[in-house]
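The structure under discussion appears below in the form of structure tokens.
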Amino acid sequence: MILLTPTYDPWGVVASLLVATFASYVALDLSRRVRTRERGVALAWWIGGSLVMGTGIWSMHFVGMLAFRLPIELGYTRLLTLVSWFAAVAVSAVALGVAGHGRLGLRRLALGALLMGAGICAMHYLGMAALDMSPAIVWNGPLVAASALIAVAASAAALSIFWWLRQGDERRLSLRQAGAALVMGLAICGMHYTGMAAAGFPADAVCLSAGVLGGNSLGTIVALASVTLLALTLFTSVLDARLQDRAARLARSLREANGQLREANEALRRQALLDGLTGLPNRRLFEEQLKAALARGARAGGRTGHAGETTLPADPPRLAVLFVDLDGFKPVNDSFGHDTGDLVLCQTAARLRGAVRAADTLARVGGDEFLVLMQDLSGPADAVTLARRLIETVSRPIELQQRTLQISCSVGIVVYPDDGQADRLVAHADAAMYAAKRAGGATWAMFESRMDAGALEQLGLAGELRQAVERGELLLHYQPKVDAQHGTICGVEALLRWRHPTRGLVSPAVFVPIAERFGLIGQLGAWVIDEACRQMAQWADAGVRIRVAINLSVHQLREDGLVEHVDAALRRHHLHASQLLCEITESVAMDDIAATQRTFGGLGRLGVYLAIDDFGTGYSSLACLRQLPARQLKIDRSFVGDLETSEAARSVVDAVIHLSHRLGLIVVAEGVETRGQRDLLREMGCDQYQGYLFARPMPADELLDWALGARPEADVSFSPSTVGMLDAA
Ligand code: C2E
Ligand code: MG
Ligand code: MG
């Protein structure tokens with residue numbers, strides 16, 4: 001049979017290769033979108049991707065047919081053209097479906113390649129069938145088979161490439177993707193042109209569908225439309241990838257931050273509950289255990305017997321607190337040095353631990369002071385037995401490298417409920433210990449009420465404190481906070497002092513707890529607010545605006561009128577609320593977080609700035625801080641003091657600074673006393689310093705003089721203009 005000789009337009013062939021390659025590139029991109037974790041998004045990409053990719057492959061066929069020239073006019077029937085498009089979309093759906101799966105086993109690859117190959121063949125030969133030729137096309141069997149083989153092989157290659165791309169790292173991904181797309185484009189074109197070579201057109205053939213769909217213009221429109229569609233899809237895909245990438249990075253950084261939070265919290269907890277030198281529980285942990293034991297005792301004591309028995313309340317179980325203080329430790333420390341002192345303390349701690357029962361709590365609560373909590377003892381005699389054992393074990397000689405030392409200890413005992421008030425057990429054991437010391441040491445004493453002189457003294461002080469405000473005995477001292485970067489003053493902290501007629505200047509550490517205990521803190525706190533505002537106004541009149549921080553007590557936090565009081569004081573002195581900063585101790589803030597939130601919320605609405613004080617002493621979770629509208633976090637001076645010697649303190653401070661910055665808080669280090677501490681803090685990115693290195697708390701009139709003078713010894717300088725500025729909180 002004589003056949004028509006077809007010719008190929010080289011530009012058309014190149015165009016078809018480009019379309020096939022572009023469609024493959026987009027397909028590879030889509031395959032990654034389909035694998036996103038979110039099911040809805042993945043499904044949308046699968047459906048949309050199949051439509052776009054199918055259209056791309058199908059239009060490649062059209063473009064390929066445009067390059068194909070016969071001496072007669074060609075056209076396509078509508079129905080079969082449409083069916084061939086469906087076939088192309090179905091092929092794409094299979095391809096994306098297979099590529100989207102987690103693992104590509106050999107079976108999945110074979111099945112996928114067969115299905116895809118069959119689909120491509122179906123698409124191609126349906127497209128050819130849309131050419132309604134008379135007489136019909138004569139097919140060359142081996143070439144048809146070859147085209148089918150190429151289709152399956154191309155599909156297998158395509159799926160492998162999908163998978164291979166997924167394995168690689170992200171570097172130069174688009175380059176590899178382009179290479180893979182070119183391979184796939186070549187394979188698809190190979191199949192197409194092999195299929196075309198298999199078709200023979202008899203010399204007398206005419207195309208019955210010539211008038212229906214056809215012509216160069218239609219082909220061009222289809223090609224352009226599908227390329228545009230592909231381009232749009234690629235753009236969306238890349239955009240989606242960016243968004244997902246950002247979301248993933250964000251999630252990762254949040255996960256990391258949470259991990260750090262957990263670690264820092266753990267470190268804080270350890271630091272807060274254990275004594276750094278001996279590893280024994282510290283006072284805080286001891287007090288918690290004591291509180292828990294008392295609560296258990298109260299519950300057990302309140303319990304009544306079973307039905308049928310005589311229902312007398314049972315006696316609460318007894319417990320004892322033993323206060324152990326070393327005799328003669330100070331001279332050891334002074335004459336042999338701190339290192340020897342530390343060794344002695346560690347050995348003593350180990351011996352004490354060996355002497356107490358497993359159920360007892362042993363804590364180190366001061367330099368050479370230890371506390372023991374004994375539970376479930378049958379009578380005071382048990383506590384005395386333990387006290388004797390402790391004295392005996394501590395008195396045994398201590399062998400150090402070059403010398404043998406001998407110390408002893410005095411033990412004070414209080415037994416509850418026999419002779420102690422639940423909330424004063426430690427103070428009573430302490431008083432008993434002093435009695436033992438006065439008796440010459442190396443002995444024990446049981447608490448008796450006549451030893452409770454401290455309580456009487458407190459009562460006396462409370463009476464005097466009541467009148468202190470009226471007598472004008474209270475005053476505020478101010479301590480600067482210094483900006484770490486510029487060395488300028490960022491504000492001052494107002495610290496309360498009591499000028500006692502006979503005792504001199506009394507520290508707030510002594511009288512604030514008394515004021516809290518005897519209900520005087522409201523009055524004191526109100527005075528502090530008014531006085532701080534008055535002083536700020538006076539400085540403002542002198543042309544200097546300084547932010548002043550005041551300390552709030554837990555009782556003020558729970559008071560109803562605090563916010564109104566602060567508001568009134570600010571108004572009275574014509575001050576802007578942001579000039580006032582309120583500091584609240586961390587443990588207090590976290591103890592009653594609802595009250596803190598309420599008050600902080602009220603003060604925050606006024607515009608007053610808020611700070612968390614003594615951070616690190618309350619071992620609250622850093623995550624909790626997010627719940628408070630605070631601006632500033634002050635790291636407790638116990639951490640700052642340990643910075644130069646303790647790796648643990650350094651890592652805690654470092655973590656706290658980083659996390660605080662993530663939470664948007666300004667970090668102030670308290671108690672900076674040495675240049676070494678300042679330098680470490682500066683390296684860690686601390687924002688502000690407060691401490692004796694820069695200045696001690698001082699009366700208001702000294703502050704301005706101090707601020708205006710240069711301080712070369714601390715590398716800080718102040719100029720009049722910087723003092724006048726109100727820096728960030
Ligand atoms: P705080 O708020 O943490 O104040 C910082 C304390 O650290 C002050 O002690 C300050 O003198 C001291 N300090 C500052 N720099 C250094 C340093 O470099 N080394 C050392 N060792 N100490 C430094 P202060 O004035 O004795 O006050 C003790 C605490 O009494 C304050 O701790 C605060 O909690 C409380 N307090 C002070 N004034 C008031 C007040 O008006 N109201 C209430 N409720 N509490 C107050
Ligand atoms: Mg403070
Ligand atoms: Mg503090």
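Positions are given from 1 along the sequence.
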Does the pair Leu17 and Met60 meet the rule for a side chain to side chain contact (heavy atoms under 4.5 Å, CB included), with working shown? CA-CA 8 Å; Leu17 177 63; Met60 173 267 151; over 6 Å; no

Minimal non-hydrogen separation, Phe600 against Ala611, with atom names: CZ-O, 4.3 Å

Distance (rounded to the nearest 0.5 Å) between Glu583 CD and Leu552 CG: 9.0 Å

Would you mind writing out the side-chain donor-acceptor pairs for residues 141-149 within the sub-3.5 Å range, not counting sequence neighbours?
residue, atom, partner, partner atom, Å
Ser147, OG, Tyr125, OH, 2.6
Ser147, OG, Val144, O, 2.7

Would you sort out whether Ile72 and Val206 count as a side chain to side chain contact (heavy atoms under 4.5 Å, CB included), showing the intermediate values? CA-CA 7 Å; Ile72 55 172; Val206 277; 5.6 Å; no

Lys634/Asp614 ion pair, N-O < 4.0 Å: no

Heavy-atom side-chain proximity of Asp613 to Glu670 below 4.5 angstrom: yes

Can you find a heavy atom in the side chain of Val608 that is under 4.5 Å from one in the side chain of Leu570? yes

Thr21 versus Tyr25: any side-chain heavy-atom pair under 4.5 Å? no

Contact summary for Cys189 and Ala20, nearest pair of heavy atoms: SG-CB, 4.0 Å

At what distance, to the nearest 0.5 angstrom, does CD of Glu683 lie from CZ of Arg650? 10.0 Å

Minimal non-hydrogen separation, Asp483 against Cys490, with atom names: N-SG, 3.2 Å

Can you tell me how far CD1 of Ile666 sits from CD of Gln688, rounded to the nearest 0.5 angstrom? 6.0 Å

Donor + acceptor pair across side chains of His576, Ser578 (<3.5 Å): yes

May I ask you to test the Leu603-Leu610 pair for a side-chain heavy-atom distance under 4.5 Å? yes

Could you tell me whether the side chain of Asp636 and the main chain of Phe639 form a donor-acceptor pair under 3.5 Å? no

Go through the steps to decide whether Arg682 and Gln485 satisfy the test side chain to side chain contact (heavy atoms under 4.5 Å, CB included), and finish with yes or no. CA-CA 8 Å; Arg682 181 182 289 156; Gln485 271 197 333; over 6 Å; no

Might you point out which heavy atoms bring Ala129 and Leu80 nearest each other, and give the distance in Å? O-CD1, 3.4 Å

CG on Asp132 to SG on Cys207, rounded to 0.5 Å: 7.0 Å

Between Ala187 and Ala154, the two heavy atoms sitting closest are CB-CB, 3.3 Å

Report the C-alpha distance between Ile120 and His61 in whole Å, list the side-chain angles of each, state the deciding distance to 0.1 Å, and finish with yes or no for side chain to side chain contact (heavy atoms under 4.5 Å, CB included). CA-CA 10 Å; Ile120 291 174; His61 174 77; over 6 Å; no

Would a 4.5 Å heavy-atom cut-off, applied to side chains only, mark Thr599 and Leu562 as touching? yes

Which atom pair, heavy atoms only, marks the closest approach of Ser92 to Ser50? CB-O, 3.5 Å

Can you name the one residue among Thr585, Val668, Val656 that meets side-chain contact (heavy atoms from CB on, under 4.5 Å) with Phe615? Val656

Mind checking whether Phe68 and Phe201 have parallel, tilted or perpendicular rings, split at 30° and 60°? tilted

Interatomic distance, OG1@Thr596 vs CD1@Ile612, rounded to 0.5 Å, equals 7.5 Å

Check step by step if ring pair (Phe, Tyr, Trp, His ring centres under 6.0 Å) holds for Tyr193 and Tyr8. CA-CA 10 Å; Tyr193 290 107; Tyr8 287 91; 5.7 Å; yes

Taking His658 for its side chain and Asp654 for its backbone only, find out whether a donor-acceptor pair lies under 3.5 Å. yes

Heavy-atom check, side chain of Leu126 versus side chain of Trp85, under 4.5 Å: no

Drop me the distance from Gln632's CD to Cys582's SG, to the nearest 0.5 angstrom. 11.5 Å

Is any side-chain heavy atom of Tyr609 closer than 4.5 Å to one of Leu580? no

Would you say that Leu643 contacts Met684 through its side chain, given a criterion of any heavy-atom pair below 4.5 Å between the two side chains? yes

Hey, does the side chain of Ser646 reach the backbone of Ala648 with a donor-acceptor pair shorter than 3.5 angstrom? yes

